[in-house]
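Only one structure is covered here, and it is reproduced in the block below.
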Amino acid sequence: MSVLAVSNLAKRYHRGGKPFAAVDDVSFEIGPAETLALAGPSGSGKSTIARLVLRLIEPDAGRIDFEGADFLALSGAALRARRARLQMVFQDPLAAFNPRATVARVLDDPLRIHGLASRAERPRHIAALLERVGLDPALAARAIHEISGGQRQRVAIARAIATRPSLIVLDEAVSALDVSVRAQILELLLDLQRQERIAYLFISHDLGVIRAVAHRVVILDAGRIAESGDARAVIVNPQSAIGKALVAATPRLTRNRP
Amino acid sequence: MTALLWIRDLSVRYRHDGVEVPALKGISLDVKAGERLAIIGESGSGKSTLALAVAGLLARGAVIAGTIEWSARQLQESHSVTPERQPSAVDGNQTPLLGRDIGFVFQDPSSSLDPVMPVGRQIAEVVRTHLKLSWRDSCTKAKTLLERIRLPHPDSAFHTYPHQLSGGQKQRVAIAAAIAAGPKLLIADEATSALDTIVQAEIVALIRRLVAEDGMTLLFISHDIALAAALADRIVVLRHGELIELGETDQILNAPRHAYTRALLDAHLGLDAEPLLDRRGASA
(Lines give C-alpha, C1' and ligand atoms only; values in the text may rest on other atoms or scores of the structure.)
Protein backbone atom coordinates (compact mmCIF):
# COMPACT_ATOMS: atom_id res chain seq x y z
CA MET A 1 0.00 0.00 0.00
CA SER A 2 1.22 3.48 -0.79
CA VAL A 3 2.15 5.96 1.93
CA LEU A 4 0.90 8.86 -0.17
CA ALA A 5 -1.49 8.80 -3.11
CA VAL A 6 -2.29 12.05 -4.90
CA SER A 7 -5.10 11.96 -7.46
CA ASN A 8 -6.13 14.60 -10.00
CA LEU A 9 -4.76 17.40 -7.85
CA ALA A 10 -5.42 20.94 -9.12
CA LYS A 11 -4.61 24.42 -7.84
CA ARG A 12 -5.28 27.67 -9.68
CA TYR A 13 -3.88 31.09 -8.89
CA HIS A 14 -4.62 34.49 -10.36
CA ARG A 15 -1.84 36.42 -12.01
CA GLY A 16 -2.65 39.90 -13.29
CA GLY A 17 -6.39 39.19 -12.98
CA LYS A 18 -6.13 36.07 -15.14
CA PRO A 19 -6.43 32.56 -13.66
CA PHE A 20 -3.59 30.15 -14.33
CA ALA A 21 -3.16 26.54 -13.31
CA ALA A 22 -0.21 26.15 -10.92
CA VAL A 23 -1.03 22.45 -10.56
CA ASP A 24 -3.21 20.77 -13.17
CA ASP A 25 -4.52 17.19 -12.86
CA VAL A 26 -1.47 15.74 -11.08
CA SER A 27 -1.53 12.14 -9.80
CA PHE A 28 1.25 10.03 -8.26
CA GLU A 29 1.92 7.56 -5.45
CA ILE A 30 4.82 6.97 -3.08
CA GLY A 31 5.44 3.63 -1.40
CA PRO A 32 7.11 2.97 1.99
CA ALA A 33 10.87 3.67 2.01
CA GLU A 34 10.61 5.05 -1.52
CA THR A 35 11.98 8.33 -2.84
CA LEU A 36 9.89 10.04 -5.48
CA ALA A 37 11.47 13.14 -6.98
CA LEU A 38 9.60 16.08 -8.47
CA ALA A 39 11.67 17.88 -11.09
CA GLY A 40 10.92 20.76 -13.43
CA PRO A 41 11.80 24.36 -14.22
CA SER A 42 10.79 27.34 -12.06
CA GLY A 43 7.03 27.72 -12.04
CA SER A 44 6.37 24.11 -13.01
CA GLY A 45 4.40 23.48 -9.80
CA LYS A 46 6.94 21.52 -7.71
CA SER A 47 6.68 23.63 -4.56
CA THR A 48 2.93 24.15 -4.92
CA ILE A 49 2.50 20.37 -4.88
CA ALA A 50 4.68 20.19 -1.74
CA ARG A 51 2.54 22.81 -0.04
CA LEU A 52 -0.68 21.04 -1.08
CA VAL A 53 0.58 17.70 0.27
CA LEU A 54 1.51 19.39 3.55
CA ARG A 55 -1.91 21.12 3.60
CA LEU A 56 -0.29 24.51 3.92
CA ILE A 57 -2.67 25.44 1.09
CA GLU A 58 -5.90 23.75 -0.03
CA PRO A 59 -6.40 22.35 -3.56
CA ASP A 60 -9.22 23.39 -5.90
CA ALA A 61 -9.75 19.77 -6.88
CA GLY A 62 -8.33 16.31 -6.32
CA ARG A 63 -7.69 13.89 -3.53
CA ILE A 64 -4.76 13.21 -1.18
CA ASP A 65 -4.63 9.88 0.65
CA PHE A 66 -2.00 9.65 3.35
CA GLU A 67 -1.44 6.35 5.14
CA GLY A 68 -4.71 5.11 3.68
CA ALA A 69 -6.85 7.96 5.02
CA ASP A 70 -8.50 10.84 3.13
CA PHE A 71 -6.04 13.52 4.25
CA LEU A 72 -8.12 16.47 2.98
CA ALA A 73 -11.11 15.35 5.07
CA LEU A 74 -9.17 15.44 8.34
CA SER A 75 -9.44 18.35 10.73
CA GLY A 76 -8.83 19.24 14.36
CA ALA A 77 -7.18 16.62 16.58
CA ALA A 78 -7.28 13.93 13.88
CA LEU A 79 -5.37 16.20 11.47
CA ARG A 80 -2.81 17.16 14.12
CA ALA A 81 -2.21 13.51 14.99
CA ARG A 82 -1.75 12.56 11.34
CA ARG A 83 0.48 15.56 10.64
CA ALA A 84 3.07 14.13 13.05
CA ARG A 85 3.59 11.35 10.49
CA LEU A 86 4.19 13.82 7.66
CA GLN A 87 7.20 16.09 8.09
CA MET A 88 9.12 18.60 6.00
CA VAL A 89 12.61 19.98 5.45
CA PHE A 90 13.06 23.16 3.42
CA GLN A 91 15.99 24.77 1.61
CA ASP A 92 16.85 27.29 4.29
CA PRO A 93 16.53 26.09 7.89
CA LEU A 94 17.55 29.53 9.12
CA ALA A 95 14.30 30.86 7.67
CA ALA A 96 12.31 27.94 9.11
CA PHE A 97 13.54 28.31 12.71
CA ASN A 98 13.76 31.18 15.15
CA PRO A 99 17.49 31.95 14.71
CA ARG A 100 17.89 32.80 18.39
CA ALA A 101 16.30 29.59 19.63
CA THR A 102 18.67 26.90 20.86
CA VAL A 103 18.98 23.58 19.06
CA ALA A 104 17.38 21.94 22.13
CA ARG A 105 14.36 24.22 21.87
CA VAL A 106 13.87 23.45 18.18
CA LEU A 107 13.90 19.71 18.92
CA ASP A 108 11.85 20.02 22.12
CA ASP A 109 8.86 21.55 20.29
CA PRO A 110 7.70 18.51 18.29
CA LEU A 111 8.27 16.16 21.26
CA ARG A 112 6.17 18.40 23.50
CA ILE A 113 3.46 19.33 20.99
CA HIS A 114 2.84 15.74 19.97
CA GLY A 115 3.20 14.43 23.55
CA LEU A 116 6.00 12.04 22.58
CA ALA A 117 8.07 12.36 25.78
CA SER A 118 7.61 13.74 29.27
CA ARG A 119 9.47 16.87 30.31
CA ALA A 120 11.98 14.75 32.24
CA GLU A 121 12.62 12.42 29.32
CA ARG A 122 12.94 15.08 26.63
CA PRO A 123 16.64 16.02 27.11
CA ARG A 124 17.59 12.36 26.63
CA HIS A 125 15.39 12.17 23.51
CA ILE A 126 17.00 15.32 22.14
CA ALA A 127 20.51 13.94 22.70
CA ALA A 128 19.51 10.71 20.95
CA LEU A 129 18.04 12.63 17.99
CA LEU A 130 21.23 14.69 17.62
CA GLU A 131 23.33 11.53 17.63
CA ARG A 132 20.97 9.95 15.12
CA VAL A 133 21.75 12.72 12.60
CA GLY A 134 25.48 12.66 13.33
CA LEU A 135 25.71 15.69 15.62
CA ASP A 136 27.37 16.05 19.01
CA PRO A 137 24.64 16.17 21.73
CA ALA A 138 26.58 19.09 23.24
CA LEU A 139 25.29 21.14 20.30
CA ALA A 140 21.86 21.25 22.03
CA ALA A 141 22.83 24.34 24.02
CA ARG A 142 23.92 26.34 20.95
CA ALA A 143 21.73 28.88 19.16
CA ILE A 144 20.53 28.09 15.63
CA HIS A 145 22.32 31.12 14.19
CA GLU A 146 25.66 29.99 15.70
CA ILE A 147 25.90 26.64 13.92
CA SER A 148 26.93 25.98 10.31
CA GLY A 149 24.50 25.53 7.41
CA GLY A 150 25.18 21.80 7.25
CA GLN A 151 24.65 21.39 11.00
CA ARG A 152 21.43 23.39 10.74
CA GLN A 153 20.10 21.12 8.01
CA ARG A 154 20.95 18.12 10.22
CA VAL A 155 18.94 19.74 13.04
CA ALA A 156 16.05 20.23 10.60
CA ILE A 157 16.23 16.53 9.74
CA ALA A 158 16.41 15.60 13.46
CA ARG A 159 13.30 17.68 14.05
CA ALA A 160 11.55 16.01 11.11
CA ILE A 161 12.28 12.47 12.35
CA ALA A 162 11.41 13.30 15.99
CA THR A 163 7.76 12.38 15.42
CA ARG A 164 8.61 9.10 13.58
CA PRO A 165 7.11 10.15 10.23
CA SER A 166 6.32 7.78 7.36
CA LEU A 167 6.88 10.59 4.81
CA ILE A 168 9.16 13.61 4.68
CA VAL A 169 8.74 16.33 2.07
CA LEU A 170 12.21 17.62 1.14
CA ASP A 171 11.82 20.90 -0.78
CA GLU A 172 15.24 21.78 -2.29
CA ALA A 173 16.63 20.55 1.04
CA VAL A 174 20.22 20.19 -0.19
CA SER A 175 20.26 22.93 -2.86
CA ALA A 176 21.91 25.62 -0.73
CA LEU A 177 24.61 23.37 0.72
CA ASP A 178 28.25 23.14 -0.35
CA VAL A 179 28.90 20.02 -2.43
CA SER A 180 30.97 18.30 0.28
CA VAL A 181 28.26 18.89 2.91
CA ARG A 182 25.53 17.99 0.43
CA ALA A 183 26.95 14.49 -0.09
CA GLN A 184 26.96 13.87 3.69
CA ILE A 185 23.37 15.05 4.11
CA LEU A 186 22.22 12.84 1.21
CA GLU A 187 24.01 9.86 2.81
CA LEU A 188 22.25 10.62 6.10
CA LEU A 189 18.85 10.75 4.37
CA LEU A 190 19.52 7.40 2.68
CA ASP A 191 20.58 5.85 6.01
CA LEU A 192 17.42 7.07 7.74
CA GLN A 193 15.29 5.81 4.88
CA ARG A 194 16.83 2.32 5.06
CA GLN A 195 16.56 2.05 8.81
CA GLU A 196 13.22 3.75 9.49
CA ARG A 197 11.53 3.01 6.14
CA ILE A 198 10.74 6.68 5.60
CA ALA A 199 9.38 7.73 2.20
CA TYR A 200 10.63 10.99 0.66
CA LEU A 201 8.92 13.42 -1.67
CA PHE A 202 12.15 14.91 -2.97
CA ILE A 203 11.78 18.25 -4.75
CA SER A 204 14.81 19.44 -6.66
CA HIS A 205 15.76 21.34 -9.77
CA ASP A 206 18.99 19.29 -9.96
CA LEU A 207 18.76 16.13 -12.06
CA GLY A 208 22.22 15.02 -10.90
CA VAL A 209 21.05 14.92 -7.28
CA ILE A 210 17.77 13.27 -8.25
CA ARG A 211 19.57 10.59 -10.21
CA ALA A 212 21.81 9.94 -7.19
CA VAL A 213 19.08 9.41 -4.59
CA ALA A 214 15.61 8.97 -6.12
CA HIS A 215 13.92 5.74 -7.15
CA ARG A 216 11.36 7.38 -9.39
CA VAL A 217 10.95 10.84 -10.87
CA VAL A 218 8.00 12.94 -12.00
CA ILE A 219 8.92 15.72 -14.43
CA LEU A 220 6.55 18.68 -14.34
CA ASP A 221 5.95 21.40 -16.88
CA ALA A 222 3.52 24.29 -16.31
CA GLY A 223 1.70 22.39 -13.56
CA ARG A 224 1.21 19.16 -15.50
CA ILE A 225 3.10 15.86 -15.45
CA ALA A 226 5.21 15.73 -18.61
CA GLU A 227 6.60 12.28 -17.89
CA SER A 228 7.40 9.94 -15.00
CA GLY A 229 9.18 6.69 -14.33
CA ASP A 230 12.34 5.08 -12.98
CA ALA A 231 14.65 8.00 -12.18
CA ARG A 232 17.68 6.71 -14.05
CA ALA A 233 15.71 5.48 -17.05
CA VAL A 234 13.96 8.85 -17.46
CA ILE A 235 17.19 10.85 -17.09
CA VAL A 236 19.14 8.60 -19.48
CA ASN A 237 16.40 8.71 -22.11
CA PRO A 238 13.85 11.48 -21.49
CA GLN A 239 10.80 11.38 -23.77
CA SER A 240 9.11 14.73 -23.10
CA ALA A 241 10.34 18.04 -24.50
CA ILE A 242 10.87 19.48 -21.01
CA GLY A 243 12.67 16.31 -19.86
CA LYS A 244 15.03 16.56 -22.83
CA ALA A 245 15.60 20.27 -22.18
CA LEU A 246 16.38 19.67 -18.49
CA VAL A 247 18.86 16.91 -19.28
CA ALA A 248 20.51 18.98 -22.02
CA ALA A 249 20.85 21.99 -19.68
CA THR A 250 22.47 20.07 -16.81
CA PRO A 251 26.19 20.96 -16.67
CA ARG A 252 28.47 18.01 -17.31
CA LEU A 253 31.94 17.33 -16.04
CA THR A 254 33.71 15.79 -18.99
CA ARG A 255 36.62 14.02 -17.37
CA ASN A 256 38.76 11.56 -19.26
CA ARG A 257 38.46 8.73 -16.82
CA PRO A 258 41.14 6.02 -17.11
CA MET B 1 48.73 36.17 -23.93
CA THR B 2 49.33 39.49 -22.20
CA ALA B 3 47.92 40.17 -18.77
CA LEU B 4 44.95 42.46 -18.15
CA LEU B 5 45.69 42.61 -14.45
CA TRP B 6 48.15 41.29 -11.93
CA ILE B 7 47.06 40.32 -8.41
CA ARG B 8 49.98 40.12 -6.01
CA ASP B 9 49.85 38.82 -2.43
CA LEU B 10 46.30 40.05 -1.97
CA SER B 11 44.89 39.67 1.54
CA VAL B 12 41.52 40.92 2.73
CA ARG B 13 40.19 40.94 6.27
CA TYR B 14 36.69 41.90 7.37
CA ARG B 15 35.99 43.44 10.76
CA HIS B 16 33.23 41.53 12.47
CA ASP B 17 32.16 42.38 16.03
CA GLY B 18 35.53 44.02 16.65
CA VAL B 19 37.43 40.96 15.42
CA GLU B 20 39.26 40.83 12.09
CA VAL B 21 38.25 37.78 10.06
CA PRO B 22 40.51 36.82 7.13
CA ALA B 23 38.65 36.40 3.83
CA LEU B 24 41.61 36.18 1.44
CA LYS B 25 45.16 35.14 2.30
CA GLY B 26 48.05 36.10 0.01
CA ILE B 27 46.44 35.51 -3.38
CA SER B 28 48.67 36.00 -6.42
CA LEU B 29 47.51 35.43 -9.97
CA ASP B 30 47.43 37.04 -13.41
CA VAL B 31 44.23 37.53 -15.36
CA LYS B 32 45.12 37.28 -19.05
CA ALA B 33 43.52 39.64 -21.52
CA GLY B 34 40.71 37.89 -23.37
CA GLU B 35 40.61 34.75 -21.24
CA ARG B 36 37.64 33.22 -19.45
CA LEU B 37 38.83 32.58 -15.91
CA ALA B 38 36.62 30.77 -13.39
CA ILE B 39 37.03 31.24 -9.65
CA ILE B 40 35.46 28.32 -7.81
CA GLY B 41 35.12 27.40 -4.16
CA GLU B 42 32.64 26.58 -1.41
CA SER B 43 31.10 29.07 1.02
CA GLY B 44 33.74 31.05 2.86
CA SER B 45 36.38 30.34 0.22
CA GLY B 46 36.78 34.04 -0.58
CA LYS B 47 35.64 33.81 -4.21
CA SER B 48 33.18 36.69 -3.94
CA THR B 49 35.68 38.76 -1.94
CA LEU B 50 38.17 38.30 -4.77
CA ALA B 51 35.56 39.44 -7.32
CA LEU B 52 34.67 42.49 -5.24
CA ALA B 53 38.35 43.34 -4.68
CA VAL B 54 39.04 43.28 -8.44
CA ALA B 55 36.00 45.51 -9.02
CA GLY B 56 37.02 47.88 -6.22
CA LEU B 57 33.74 47.17 -4.46
CA LEU B 58 34.96 45.96 -1.07
CA ALA B 59 33.16 47.42 1.92
CA ARG B 60 34.85 50.31 3.71
CA GLY B 61 35.59 48.20 6.77
CA ALA B 62 37.66 45.72 4.77
CA VAL B 63 41.39 45.72 5.50
CA ILE B 64 43.28 45.19 2.25
CA ALA B 65 46.93 44.29 1.74
CA GLY B 66 48.77 43.48 -1.48
CA THR B 67 48.22 44.93 -4.94
CA ILE B 68 45.98 44.67 -7.98
CA GLU B 69 47.65 46.31 -10.97
CA TRP B 70 45.90 46.89 -14.27
CA SER B 71 47.55 47.03 -17.65
CA ALA B 72 47.27 50.63 -18.84
CA ARG B 73 47.78 49.45 -22.41
CA GLN B 74 44.87 47.00 -22.19
CA LEU B 75 42.55 49.53 -20.59
CA GLN B 76 43.33 52.19 -23.17
CA GLU B 77 42.84 49.82 -26.07
CA SER B 78 39.22 49.48 -25.08
CA HIS B 79 38.77 53.20 -24.49
CA SER B 80 40.47 55.01 -27.31
CA VAL B 81 37.35 57.18 -27.34
CA THR B 82 38.29 58.82 -24.03
CA PRO B 83 40.69 61.60 -24.99
CA GLU B 84 41.48 62.70 -21.43
CA ARG B 85 43.49 59.54 -20.87
CA GLN B 86 47.14 59.69 -21.82
CA PRO B 87 49.15 56.53 -22.37
CA SER B 88 51.48 56.12 -19.43
CA ALA B 89 55.13 55.30 -19.92
CA VAL B 90 54.99 52.19 -17.78
CA ASP B 91 52.44 49.44 -18.31
CA GLY B 92 50.62 49.02 -15.06
CA ASN B 93 49.08 50.99 -12.23
CA GLN B 94 46.14 52.29 -14.19
CA THR B 95 42.97 52.70 -12.14
CA PRO B 96 39.96 51.11 -13.85
CA LEU B 97 36.47 52.52 -13.53
CA LEU B 98 33.58 50.27 -12.53
CA GLY B 99 30.88 50.39 -15.18
CA ARG B 100 33.22 51.63 -17.92
CA ASP B 101 36.19 49.28 -17.64
CA ILE B 102 34.59 46.60 -15.48
CA GLY B 103 31.06 45.22 -15.82
CA PHE B 104 29.70 43.40 -12.78
CA VAL B 105 26.79 40.96 -12.78
CA PHE B 106 25.47 39.91 -9.37
CA GLN B 107 23.50 36.81 -8.34
CA ASP B 108 20.23 38.67 -7.81
CA PRO B 109 19.30 40.89 -10.77
CA SER B 110 16.41 42.44 -8.80
CA SER B 111 18.86 44.13 -6.48
CA SER B 112 20.98 45.61 -9.29
CA LEU B 113 18.05 47.00 -11.30
CA ASP B 114 16.01 50.06 -10.36
CA PRO B 115 12.45 48.78 -9.86
CA VAL B 116 10.77 52.06 -10.92
CA MET B 117 12.77 52.78 -14.09
CA PRO B 118 12.11 51.15 -17.50
CA VAL B 119 14.95 48.78 -18.33
CA GLY B 120 15.88 50.57 -21.57
CA ARG B 121 16.48 53.81 -19.69
CA GLN B 122 18.63 52.03 -17.11
CA ILE B 123 20.89 50.71 -19.85
CA ALA B 124 20.91 54.07 -21.67
CA GLU B 125 22.02 55.83 -18.47
CA VAL B 126 25.06 53.55 -18.22
CA VAL B 127 25.90 54.36 -21.85
CA ARG B 128 25.49 58.13 -21.35
CA THR B 129 27.44 58.20 -18.09
CA HIS B 130 30.47 56.31 -19.34
CA LEU B 131 30.58 56.93 -23.09
CA LYS B 132 29.52 60.62 -22.93
CA LEU B 133 26.98 60.16 -25.72
CA SER B 134 23.84 62.22 -26.24
CA TRP B 135 20.64 60.85 -24.71
CA ARG B 136 19.28 59.98 -28.17
CA ASP B 137 22.45 58.05 -29.09
CA SER B 138 22.49 56.40 -25.67
CA CYS B 139 18.92 55.17 -26.21
CA THR B 140 19.81 53.85 -29.66
CA LYS B 141 22.73 51.94 -28.17
CA ALA B 142 20.50 50.61 -25.37
CA LYS B 143 18.04 49.31 -27.97
CA THR B 144 20.86 47.54 -29.79
CA LEU B 145 21.92 45.97 -26.48
CA LEU B 146 18.36 44.79 -25.79
CA GLU B 147 18.43 43.10 -29.19
CA ARG B 148 21.80 41.52 -28.44
CA ILE B 149 20.57 39.95 -25.18
CA ARG B 150 17.52 38.63 -27.08
CA LEU B 151 14.63 39.74 -24.92
CA PRO B 152 11.30 38.83 -26.47
CA HIS B 153 9.70 41.85 -28.23
CA PRO B 154 12.84 44.05 -28.33
CA ASP B 155 10.71 47.01 -29.57
CA SER B 156 8.58 47.21 -26.43
CA ALA B 157 11.33 45.85 -24.14
CA PHE B 158 12.85 49.33 -23.82
CA HIS B 159 9.80 50.54 -21.85
CA THR B 160 9.41 47.41 -19.72
CA TYR B 161 9.81 47.58 -15.93
CA PRO B 162 11.91 44.93 -14.13
CA HIS B 163 8.89 43.46 -12.32
CA GLN B 164 7.32 42.62 -15.68
CA LEU B 165 10.25 40.34 -16.51
CA SER B 166 11.10 36.80 -15.39
CA GLY B 167 14.23 36.12 -13.32
CA GLY B 168 16.18 35.03 -16.39
CA GLN B 169 15.06 38.07 -18.41
CA LYS B 170 16.06 40.40 -15.56
CA GLN B 171 19.49 38.79 -15.50
CA ARG B 172 19.75 39.40 -19.26
CA VAL B 173 18.99 43.08 -18.67
CA ALA B 174 21.55 43.23 -15.85
CA ILE B 175 24.11 41.74 -18.25
CA ALA B 176 23.19 44.32 -20.92
CA ALA B 177 23.72 47.12 -18.40
CA ALA B 178 27.03 45.58 -17.29
CA ILE B 179 28.41 45.49 -20.85
CA ALA B 180 26.76 48.72 -22.05
CA ALA B 181 29.92 50.83 -21.82
CA GLY B 182 32.07 48.20 -23.51
CA PRO B 183 34.10 47.10 -20.47
CA LYS B 184 37.35 45.21 -20.87
CA LEU B 185 36.47 42.86 -17.99
CA LEU B 186 33.12 41.24 -17.21
CA ILE B 187 32.73 39.80 -13.71
CA ALA B 188 29.84 37.38 -13.14
CA ASP B 189 29.47 36.55 -9.44
CA GLU B 190 27.19 33.48 -9.10
CA ALA B 191 25.19 35.14 -11.87
CA THR B 192 23.20 31.98 -12.63
CA SER B 193 22.88 30.44 -9.16
CA ALA B 194 19.35 31.68 -8.47
CA LEU B 195 18.04 30.49 -11.83
CA ASP B 196 16.67 27.09 -12.78
CA THR B 197 18.77 24.67 -14.82
CA ILE B 198 17.33 25.56 -18.22
CA VAL B 199 17.56 29.34 -17.71
CA GLN B 200 21.04 28.92 -16.24
CA ALA B 201 22.21 27.19 -19.44
CA GLU B 202 20.71 30.02 -21.52
CA ILE B 203 22.45 32.72 -19.48
CA VAL B 204 25.78 30.87 -19.65
CA ALA B 205 25.37 30.66 -23.44
CA LEU B 206 24.57 34.39 -23.55
CA ILE B 207 27.64 35.30 -21.50
CA ARG B 208 29.82 33.08 -23.69
CA ARG B 209 28.51 34.74 -26.87
CA LEU B 210 28.78 38.34 -25.62
CA VAL B 211 32.29 37.79 -24.24
CA ALA B 212 33.38 36.36 -27.61
CA GLU B 213 31.69 39.07 -29.69
CA ASP B 214 33.11 41.96 -27.67
CA GLY B 215 36.50 40.39 -26.93
CA MET B 216 35.97 40.81 -23.20
CA THR B 217 37.90 39.10 -20.43
CA LEU B 218 35.59 37.08 -18.16
CA LEU B 219 35.89 36.42 -14.44
CA PHE B 220 33.26 33.77 -13.69
CA ILE B 221 32.65 33.16 -9.98
CA SER B 222 30.81 29.93 -9.15
CA HIS B 223 30.37 27.21 -6.56
CA ASP B 224 29.63 24.77 -9.39
CA ILE B 225 32.76 23.17 -10.82
CA ALA B 226 30.89 21.60 -13.76
CA LEU B 227 29.36 24.92 -14.77
CA ALA B 228 32.73 26.66 -14.45
CA ALA B 229 34.43 23.95 -16.51
CA ALA B 230 31.88 24.34 -19.29
CA LEU B 231 32.79 28.01 -19.72
CA ALA B 232 36.33 28.66 -18.54
CA ASP B 233 39.76 28.42 -20.17
CA ARG B 234 41.40 28.32 -16.74
CA ILE B 235 40.09 27.57 -13.24
CA VAL B 236 41.22 28.93 -9.87
CA VAL B 237 40.26 26.82 -6.84
CA LEU B 238 39.95 28.73 -3.56
CA ARG B 239 39.44 27.33 -0.06
CA HIS B 240 39.25 29.25 3.22
CA GLY B 241 40.72 32.31 1.49
CA GLU B 242 43.71 30.50 0.03
CA LEU B 243 44.53 29.71 -3.58
CA ILE B 244 44.58 25.92 -3.70
CA GLU B 245 45.17 25.36 -7.38
CA LEU B 246 45.23 27.28 -10.67
CA GLY B 247 45.37 25.57 -14.04
CA GLU B 248 43.95 25.04 -17.49
CA THR B 249 40.41 23.63 -17.27
CA ASP B 250 41.49 20.34 -18.81
CA GLN B 251 44.32 19.92 -16.30
CA ILE B 252 42.08 20.78 -13.31
CA LEU B 253 39.48 18.21 -14.43
CA ASN B 254 41.77 15.42 -15.52
CA ALA B 255 44.96 15.87 -13.54
CA PRO B 256 44.15 17.89 -10.40
CA ARG B 257 47.27 18.36 -8.31
CA HIS B 258 45.53 19.05 -5.03
CA ALA B 259 43.45 16.59 -2.98
CA TYR B 260 40.84 19.28 -2.34
CA THR B 261 40.26 19.78 -6.08
CA ARG B 262 39.85 16.00 -6.44
CA ALA B 263 37.35 16.00 -3.55
CA LEU B 264 35.32 18.78 -5.22
CA LEU B 265 35.29 16.83 -8.49
CA ASP B 266 34.26 13.61 -6.74
CA ALA B 267 31.47 15.36 -4.80
CA HIS B 268 29.90 16.58 -8.03
CA LEU B 269 26.73 14.58 -8.68
CA GLY B 270 26.62 14.58 -12.45
CA LEU B 271 24.45 12.66 -14.83
CA ASP B 272 27.22 10.10 -15.21
CA ALA B 273 28.15 9.72 -11.52
CA GLU B 274 27.47 6.46 -9.74
CA PRO B 275 24.18 6.91 -7.85
CA LEU B 276 24.47 7.00 -4.05
CA LEU B 277 21.65 4.48 -3.91
CA ASP B 278 23.93 1.95 -5.60
CA ARG B 279 27.00 2.79 -3.57
CA ARG B 280 25.10 1.89 -0.44
CA GLY B 281 23.46 -1.18 -1.99
CA ALA B 282 20.09 0.17 -0.92
CA SER B 283 16.96 -0.13 -2.95
CA ALA B 284 13.26 -0.07 -2.19
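In the text below, chain A, chain B and the rest are named by the order of the sequence lines, each starting its count at 1.
With a 4.5 Å cut-off on non-hydrogen atoms, A/Val236 does not touch chain B at all. Only the backbone of A/Ala214 comes within contact range of chain B, judged by heavy atoms closer than 4.5 Å. Heavy atoms closer than 4.5 Å to chain B are found in both the backbone and the side chain of A/Leu246. For a residue to count as touching a neighbouring chain, one of its non-hydrogen atoms must lie under 4.5 Å from one of that chain's; by this rule B/Ala263 does not touch chain A. For chain B, no part of A/Arg197 is nearby; none of its heavy atoms comes within less than 4.5 Å.
Remark: the B/Glu190 side chain and the B/Ser48 side chain contain no N/O donor-acceptor pair separated by less than 3.5 Å.
Top candidate by heavy-atom pairs under 4.5 Å with chain B, chosen from A/Ala249, A/Gly208, A/Ala212, is A/Ala212.
Proximity of a side-chain donor or acceptor of B/Glu245 to a complementary backbone N or O of B/His258 within less than 3.5 Å is detected.
Among residues two or more places apart in sequence or in another chain, the side-chain hydrogen bond (donor to acceptor under 3.5 Å, both in side chains) test is passed with A/Tyr13 by none. Looking at residues two or more places apart in sequence or on another chain, you find a side-chain contact (heavy atoms from CB on, under 4.5 Å) between B/Lys25 and B/Pro22, B/Glu242.
Checked for salt-bridge contact, B/Glu202 and B/Arg150 miss the test: no charged N lies under 4.0 Å from a carboxylate O.
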